[in-house]
Amino acid sequence: MPEPGGDMSNASISLSTDNTFIPRHIGPRESDIKAMLALTGHDSLDALIDSVIPSSIKGSSVMELSKGQSESEALAAIKAIAANNQLFRNHIGQGYYPCHTPAPILRNLLENPAWYTAYTPYQPEISQGRLEALLNFQTLVIDLTGMEIANASLLDEATAAAEAMTFCKRLAKNKAAAFFVSAACHPQTLDVIRTRAEPLGIEVVVGDDAQLANDSLEGYFGLLLQYPASNGDIADHRELVQRAHTAGALVAVAADLLALTLLMPPGEFGADVVLGSAQRFGVPLGFGGPHAAYFATRDSFKRDMPGRLVGVSIDRFGKPALRLAMQTREQHIRREKATSNICTAQVLLANIASMYAVYHGPEGLRQIARRVHRLTTILVQGLQQLGHRIEQASFFDTVSVVTARPAADILAAASNSRINLRPLDEARVGLSLDETCEQQSVETLWQIFAGAGQPLPDFAALAAGSGDCLPAALLRQTAFLQHEVFNRYHCETELMRYLRRLADKDLALDRSMIALGSCTMKLNAASEMIPITWPEFGAVHPFAPAEQSQGYQQLTDELEAMLCAATGYDAMSLQPNAGSQGEYAGLLAIRAYHVSRGEAGRDVCLIPSSAHGTNPATAQMAGMRVVVVNCDVRGNVDVADLQSKAEQHKDHLAALMITYPSTHGVFEDGITRICDIIHARGGQVYLDGANMNAMVGLCAPGKFGGDVSHLNLHKTFCIPHGGGGPGVGPIGVKAHLAPFLPGHGHMARKQGAVSAAPYGSASILPITWMYIRMMGGEGLKRASQVAILSANYIARRLEEHYPVLYTGENGLVAHECILDLRPLKDSSGISVEDVAKRLIDFGFHAPTMSFPVAGTLMVEPTESESKEELDRFCEAMICIRDEIRAVENGSLDKDDNPLKNAPHCASELVGEWNHRYSRELAVYPQDTLRESKYWPPVGRVDNVYGDRNLACACPPLSTYQDA
């Protein structure tokens, strides 16, 4: 008889390596899928999909239905790719520095799913941990820059500088057309500024800021200066800033945060904007990203600041609580009048940088900066002894060297020693030191610069006698980081516990499903995440010679091919480092295409009224005029209105921006006709790929009418949201648009950069590569099918309790559904916000609230959630509907009920209970919650109070402890 464990005969044992990843990624089991299909009235996934996808686009997918690899096979394959990257010692600088990521931050934050699987903190009650970490980041930036307010991070230094340019354009008293950019700025910053300026008609003037002393500034609305300069020089900008203000211009300064621990902060010499990168605060090079940029300004300009802002408010008990403040998602309100299309941040990276500062504290940061500067000073003195000339009289960590022998010889010697320097010209090289440098680093550089037979300088002698080379007039006099949080957690035990306390305050994907429509919060598998911390990916400088990044080249080539296969497009650019940047790059490609054909007058962009707010904001940034197209009562694009407006503007029609499946969560039947209408009138179709998770393996936008799409790798392709960033937004294009993909100074096409690094957030691209490789074509198609099934299962389970607002022709939805709660407001006084907050008591993050329709919840379950979790969510929603009925029939008080008072904190249970419902109903509405309960750290947050009493830096730590 067989053993209890089953048939263990040799014949029953498979000797092949099975792909076990697909069932690890896709939640529902086969028996679950059958039960879910039964509820939708279908007997197979194919039958369901046949009923959901319009016949006009069926069969358009060109993706090969290949088998995926096992986790171990895929990891071995990507390890071999990584091995093709060469790990040289990098002294290139140019805004990117090797640094140490403290091990407790690496282990407890970067590699911790409680941090990297969290969503953007739009629901503040379940986001207090990451909001506090971001508030720390804002405080760090405010203190070091000497400014009054800072945002929660931007995408990279170059795009932050571009945001500063348009910021100055809006706010400067001087309404001139030109923006001055110092030639001492990083080259990649200048490239991105030129890209951003051209569609807006801004003239960019690049010059030597030292020569501005003799020039009038009346012709500029703003100036951008680098401090210290890209070549290392530290200039005194005080007089220039004063003259700019006299001329009505604003001044932006790109500054190095580590240098600001020793140098006068730009806020003290009059800067209006200070921006830069926080990369060297513990974030690996990663071939250019992701890294958190920062942006700080004056308090009077706060309402025009791009990006997100964390502010201090109070909850319903009057206790301090954090929230996103003011302009959060302003694109949904102002649309084409928005000041920026940025709706994201680099939250995970900003949190690493903030914790780096928490761990080291002000004195630790000063010690790092002093050590880097002292090593640079010793290096410089030794180079001078060897006969080389240093161009900078004052510097922090970077210098340019006029070499005593040809620069090419120096660069060759450096390469032979596996060291990268920065080529400048035939007579000069640049070099930068960083916190990872030691005495040996300096002596090795001396060996490279020494001529044949030259004795090397004596390090000990120079160290004993060297002084600082910082300008005395610009030494920092003000204290920084005096807040408790930066002076308490300097031992690993304390930091570890602090990070744990913050994580425990939050609700992330590691606790429960996050069914956010339009956001696709799916599994970020551990095997996908493992390669991102390998030094072969993390320690590569974005401007290293191409032969050193052959692994990255292979990775990006293969990933571009994978994404082209998934979308049906002919070419792909991985440079855009957010969905908003992908949108922008896509419209720039369309714009350049029209210009190349002598049709520069095509500047009208048609956008449906249901579109995500970044679409019209992006069109405005690309120099296009937005014309809104109506939607019909079913949420679809009103094709008659589209045709009328396309005809009206046919001589100027540039593009249509349309999301597919629609923002309303359905596959519109008329999509091919819509594309034909635009093409017939000379326009191009930008098909927003935010909802690509419903199409991979089933239909291909590049084959049914799209000319360009951006993809959210942080949605469809498994890069984690990280608490609101990082994101990656590559664009796919048809062949005729391929010549107009983003370029870069370090790529074959030099013009048109939209991000600071050639491949944007390159170090997280292995996540998507791993996902696609392990799923294979079969798995990717299966994921799309199950995502659609899960959404329809939830819709069917909940439709008798909450009307489903929009469906397709067969009464089915795509990958998400919209639950209409508006009738409940009339019958019970219960709002969509009350339901969203009550879900927290059940341990769930709310679905997307009031978008795209006010008073609704948009639910997207994804393929990664098991049937048990889907049922748990549905049962919570049904339980909440029963509570609403109790309000409707008077069993629960209409003002004092568990929905109006949600969420409920543990602290409420202590002492007198004054509510007209029980403690048990408040915190344990279902018995299953007794086994595992999430306790929100604060009550419902007062949004209005937070905006009226805006505070965006750390209050005393005791404030939170007392709360």
Side-chain angles (χ1 to χ4, degrees), residues 99-118 121 126-140 143-144 257-258 261 278 280-284 292 310 320 322 347-371 435-436 479-508 510-511 526 529-530 532-533 535 538 720 722-723 906-907 932-938 953-963:
C99 60
H100 294 303
T101 305
I105 295 175
L106 177 71
R107 176 62 57 88
N108 297 295
L109 199 163
L110 178 58
E111 297 178 342
N112 185 347
W115 288 91
Y116 68 69
T117 69
I126 56 174
S127 309
Q128 291 297 297
R130 56 192 181 275
L131 284 168
E132 183 174 331
L134 287 176
L135 193 71
N136 294 345
F137 178 81
Q138 291 178 181
T139 304
L140 163 70
D143 278 13
L144 288 180
L257 285 181
L258 189 63
T261 65
R280 68 188 311 177
F281 276 38
V283 182
V310 177
L322 305 176
V347 173
L348 188 67
L349 296 314
N351 286 341
I352 292 172
S354 79
M355 291 305 163
Y356 180 92
V358 166
Y359 195 41
H360 288 293
E363 189 53 38
L365 294 179
R366 270 192 295 261
Q367 289 288 2
I368 293 170
R370 287 171 181 152
R371 182 174 172 276
E435 70 163 314
T436 69
F480 58 92
L481 302 186
Q482 298 302 294
H483 312 278
E484 295 172 73
V485 72
F486 298 105
N487 293 280
R488 173 173 170 181
Y489 303 112
H490 298 166
C491 73
E492 181 170 340
T493 306
E494 285 293 308
L495 181 71
M496 175 180 65
R497 291 171 182 163
Y498 180 53
L499 289 168
R500 174 61 186 265
R501 283 199 300 275
L502 294 184
D504 283 348
K505 292 180 178 182
D506 287 6
L507 193 61
D510 64 328
R511 290 182 187 259
M529 300 296 294
I530 285 173
I532 68 168
T533 54
S907 59
S932 178
K933 172 71 177 176
Y934 167 75
W935 295 97
V938 297
C954 293
L957 195 62
S958 57
T959 304
Y960 300 113
Q961 294 170 337
D962 293 344

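What you see is a predicted model, and the numbers here were worked out from it, not measured in a lab.
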Counting distance only, does the side-chain N/O of Q128 pair as donor-acceptor with the main-chain N or O of V938 below 3.5 Å? no

Hey, is the main chain of L134 close enough, under 3.5 Å, to the side chain of S354 for a donor-acceptor pair? no

Salt-bridged, R107 to E111, with N to O below 4.0 Å? yes

Return yes if some donor-acceptor pair links the side-chain N/O of R371 with the main-chain N/O of E435 below 3.5 Å, else return no. yes

Do E492 and R497 meet the salt-bridge criterion of a basic N to acidic O distance under 4.0 Å? no

May I ask you to decide if G129's main-chain N or O and D506's side chain share a donor-acceptor pair within less than 3.5 Å? yes

Applying salt bridge (charged side-chain N to carboxylate O under 4.0 Å, His left out) to R501 and E494, what does each step give before you reach the verdict? CA-CA 10 Å; R501 283 199 300 275; E494 285 293 308; 5.2 Å; no

side-chain contact (heavy atoms from CB on, under 4.5 Å) with T101: of L106, V283, L109, only one passes, and it is L106

Could you report the tightest heavy-atom contact between P284 and C99, atom names first, then the distance? N-SG, 4.5 Å

Checking the side chain of N136 only, and the main-chain atoms of V485 only, is there a donor and an acceptor separated by less than 3.5 Å? no

Heavy atoms of W115 and N108 approach each other most closely as CD1-O, 3.4 Å

Shortest non-hydrogen contact from F486 to T139? CE1-CG2, 3.9 Å

Side-chain heavy atoms of L257 within contact of R280, under 4.5 Å: no

Parallel, tilted or perpendicular: ring planes of Y489 versus Y498, cut at 30 and 60 degrees: parallel

Going from CG on L322 to CG on L131, what distance comes out if it is rounded to the nearest 0.5 angstrom? 5.5 Å

Looking at side-chain heavy atoms only, is the closest gap between K505 and S127 below 4.5 Å? no

Nearest heavy-atom approach of P113 to A508 is O-CB, 4.3 Å

Taking every heavy atom of F480 against every heavy atom of P362, the minimum-distance pair comes out as O-CB, 3.5 Å

For L110 and Y116, which heavy atoms make the closest approach, and how far apart are they? O-CD2, 3.4 Å

State whether the side chain of T261 and the backbone N or O of L258 hold a donor-acceptor pair below 3.5 Å, judged by distance alone. yes

